[in-house]
Amino acid sequence: MKLSQGPLLSLFDGSDGTPLQQRLFDRLRGAIVNGAIRPGERLPSTRTLATDLGVSRNTVVAAVDRLTAEGYLEARIGSGTFVCRSLPDDAMAPAVRLAPSAATRAPVATPKPAVPVPAAGAELLPFEPGVPAYDQFDIDTWRRLLAKRWRDAGGLLLGNDTSGGWTALRRVLAGHLQTSRGIACDPEQILILPDRRSGLEFVATLLLTAGDTVWLEEPGCPLQALTFAHRGYNIAHVPVDADGIDPERGARLAPDARLALVTPGWQFPMGGTMPLRRRMAVLAWARRSGAWLLEDDRDGGYRYTGRPLPALQGLDENERVLHLGALDNTLVPALRLAWLVVPSSLVGAAQTLRARMHLHVPLPEQMAVHDFLVEGHYASHMRRTRRLYAERQQALLFAAERHWSGAITVEAAGSGLHLVGRLSPSLGVDDSSLSALAAQARISLPALSACRRVHTIAGDPGAVVLGYAAFSPERLSRAAERLANVMDKARGTLPQRLAAPRRLIPAE
């Protein structure tokens with residue numbers, strides 16, 4: 001196999017100053033992820049690769065060693081180096097269309113300092129959903145990257161960015177989104193925005209006029225409902241089932257919809273990941289009706305079993321999908337930088353509108369995010385927190401089984417940052433009442449019914465949303481015990497255990 005004639009052909013093309021070893025790592029990793037080098041395939045020796053590419057053997061050895069450490073390659077004594085048959089969780093199968101973007105940089109492990117408080121004057125209460133683990137954010141590295149950008153660039157950072165955002169960040173994001181979320185796009189299709197809410201408002205302004213019809217998931221994200229409810233649009237609340245939003249029911253409710261908001265990666269608040277057949281059905285509806293789809297990728301990057309499913313945008317062959325992502329759920333809420341991937345037909349209008357709406361993001365922050373990605377800190381953070389959150393989800397399941405005795409039943413999930421706890425009718429209170437009682441005991445327990453707008457189920461006590469990502473197993477257990485006391489006071493002694501939750505990680 002002559003790799004220098006295939007996936008590594010562009011090794012020396014379009015250099016942006018990235019070290020040669022880093023470029024070789026990126027090309028090899030991209031070739032493995034995209035299938036140009038197949039699982040189980042043997043690589044040429046490092047000496048042969050160095051000769052073919054005209055680089056030093058040390059450069060090749062360093063890149064191969066990093067790929068081995070990251071789980072893309074495996075060395076077999078006496079046989080050579082082979083592509084692993086099972087790739088790391090953050091490797092993504094290729095999208096339908098592959099964009100000529102740079103791949104994400106290699107992860108670099110860094111010790112994580114403790115973060116004493118989540119925010120000035122605020123205390124994070126269990127079981128607050130949608131909040132990441134503050135103490136896992138590498139604040140020292142972030143501070144160093146931000147300070148370096150201010151020191152090196154000085155007054156050049158005082159102005160606004162370009163019409164789409166800092167070009168270097170958009171270029172790196174294009175590669176990152178391709179490998180991590182299966183999104184195929186050029187850097188020009190990416191807009192850097194201040195946060196998720198501004199992304200929602202931007203799409204509404206870009207695509208809609210008063211009187212247009214919008215599909216919202218029912219139940220759905222409160223931020224989406226708040227953003228679109230008071231702008232003069234006709235809102236169709238389309239019920240969500242186990243597979244996500246149902247386009248057939250949506251078409252019966254509002255066949256003339258111009259935009260549908262969907263969360264295929266991990267639905268809030270019901271949970272669940274949209275399977276491929278439903279994704280294809282939603283895309284088919286958009287194609288037939290000429291409507292747009294806004295993919296709000298809240299927690300889609302957190303998947304604990306198997307590979308992350310490709311984003312809806314990566315499956316879209318008709319350019320009807322806009323993809324919204326952000327850092328607040330993966331790093332810390334204080335980093336509110338977001339990005340919107342728009343179809344190529346909307347690039348010009350979108351860049352003009354971004355400038356008119358003054359949706360600029362400070363250049364130092366964009367540059368620090370760029371460096372955080374390029375140096376591998378983001379990929380390392382995602383791998384570390386995936387393992388941590390899987391463990392914390394398991395801790396919540398054990399605590400529910402131990403303390404709630406079936407009064408609230410919880411099942412494991414393969415994605416996301418929260419679980420849904422369904423209330424037993426024998427508890428004697430509904431989810432809204434339990435949420436209010438829990439608040440008095442300093443427990444954050446959002447009621448699922450608060451996320452519903454029009455559809456109610458008679459006789460159903462409802463469910464509560466249980467976030468676990470930001471809390472240690474010990475704190476989850478203590479909060480579960482405190483909630484059990486709240487339920488005891490609300491309706492007397494708890495019933496006998498009804499059902500044990502399904503476990504995400506098999507017990508040893």
Side-chain angles (χ1 to χ4, degrees), residues 15-23 25-26 29 62-63 65-66 69-70 90 102-120 122 124 131-162 165-177 179-180 187 190 192-195 301 325-339 360-388 469-470:
S15 173
D16 57 359
T18 304
L20 186 58
Q21 180 248 98
Q22 182 70 61
R23 277 181 275 156
F25 175 93
D26 291 338
R29 182 182 182 276
D65 284 349
R66 288 171 63 186
E70 291 301 326
D90 61 345
T104 354
R105 304 311 194 217
V108 178
T110 306
K112 299 296 175 286
V115 179
V117 291
L124 194 60
V131 182
Y134 293 90
D135 59 350
Q136 294 301 304
F137 178 58
D138 189 355
I139 193 169
D140 282 347
T141 293
W142 176 257
R143 185 186 295 116
R144 173 181 61 81
L145 295 175
L146 198 57
K148 182 179 184 299
R149 283 298 184 175
W150 272 111
R151 182 175 62 250
D152 293 348
L156 294 177
L157 302 183
L158 299 180
N160 287 326
D161 54 15
T162 63
W166 193 47
T167 302
L169 173 58
R170 289 187 288 153
R171 186 183 302 120
V172 169
L173 265 177
H176 165 73
L177 292 173
T179 56
S180 66
I190 299 176
I192 308 300
L193 298 171
D195 51 31
L327 294 177
D328 55 344
N329 277 18
T330 54
L331 292 178
V332 287
L335 296 182
R336 305 186 70 82
L337 182 142
W339 53 85
H360 302 291
V361 178
L363 277 169
E365 293 185 15
Q366 293 191 57
M367 292 175 170
V369 170
H370 167 274
D371 297 342
F372 204 80
L373 286 164
V374 166
E375 294 183 10
H377 306 296
Y378 186 79
S380 178
H381 174 89
M382 291 297 290
R383 272 195 310 278
R384 183 175 62 257
T385 51
R386 280 194 192 103
R387 292 191 296 269
L388 179 72

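Since the model is a prediction, treat every value here as computed from it, not as a measurement.
Between the CZ atom of R386 and the CZ atom of R383 there is a distance of 8.5 Å, given to the nearest 0.5 Å. Distance check: L146 CG to F372 CZ gives 12.0 Å after rounding to the nearest 0.5 Å. Expressed to the nearest 0.5 Å, how far CD of E375 lies from OG of S380 amounts to 12.0 Å. Atoms CG and CE, from L331 and M382 in turn, are 8.5 Å apart once rounded to the nearest 0.5 Å.
Each of L373, D371, L177 was compared with V172 under the side-chain contact (heavy atoms from CB on, under 4.5 Å) criterion, and only L373 meets it.
Looking only at side-chain heavy atoms (C-beta outward), D328 and L335 stay at 4.5 Å or farther from each other. Contact of the R149 side chain with the E365 side chain is not registered, since no non-hydrogen atoms from C-beta on lie closer than 4.5 Å. The side-chain heavy atoms of R144 and D140, taken from C-beta on, include no pair separated by under 4.5 Å. Taking 4.5 Å as the limit, every side-chain heavy atom of W166 sits out of range of all side-chain heavy atoms of I192. Residues Y134 and P333 are in side-chain contact: their nearest non-hydrogen atoms beyond the backbone lie under 4.5 Å apart. The shortest side-chain heavy-atom distance between H377 and L145 falls under the 4.5 Å cut-off. No side-chain heavy atom of L169 sits less than 4.5 Å from a side-chain heavy atom of W339. Counting heavy atoms from C-beta on, the side chains of P362 and Q366 never come closer than 4.5 Å.
Scanning all heavy atoms of the two residues, the minimum distance from A133 to A469 falls at CB-O, 3.6 Å. Taking all atoms of both residues into account, the shortest heavy-atom contact from I190 to A174 is CD1-N, 3.6 Å.
Taking the six-membered ring wherever Trp is involved, the centroid distance between the rings of H176 and Y378 falls below 6.0 Å.
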Checking H370 against L173 for the side-chain contact (heavy atoms from CB on, under 4.5 Å) test, could you report, in this order, the C-alpha distance in whole Å, the side-chain angles of both residues, the deciding distance, and whether it holds? CA-CA 8 Å; H370 167 274; L173 265 177; over 6 Å; no
Check the pair R170 / T167 against side-chain contact (heavy atoms from CB on, under 4.5 Å), numbers first and verdict last. CA-CA 5 Å; R170 289 187 288 153; T167 302; 3.6 Å; yes
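Applying the side chain to side chain donor-acceptor pair (under 3.5 Å) rule to D195 yields the partners S198; only residues at least two apart in sequence or on another chain are considered.
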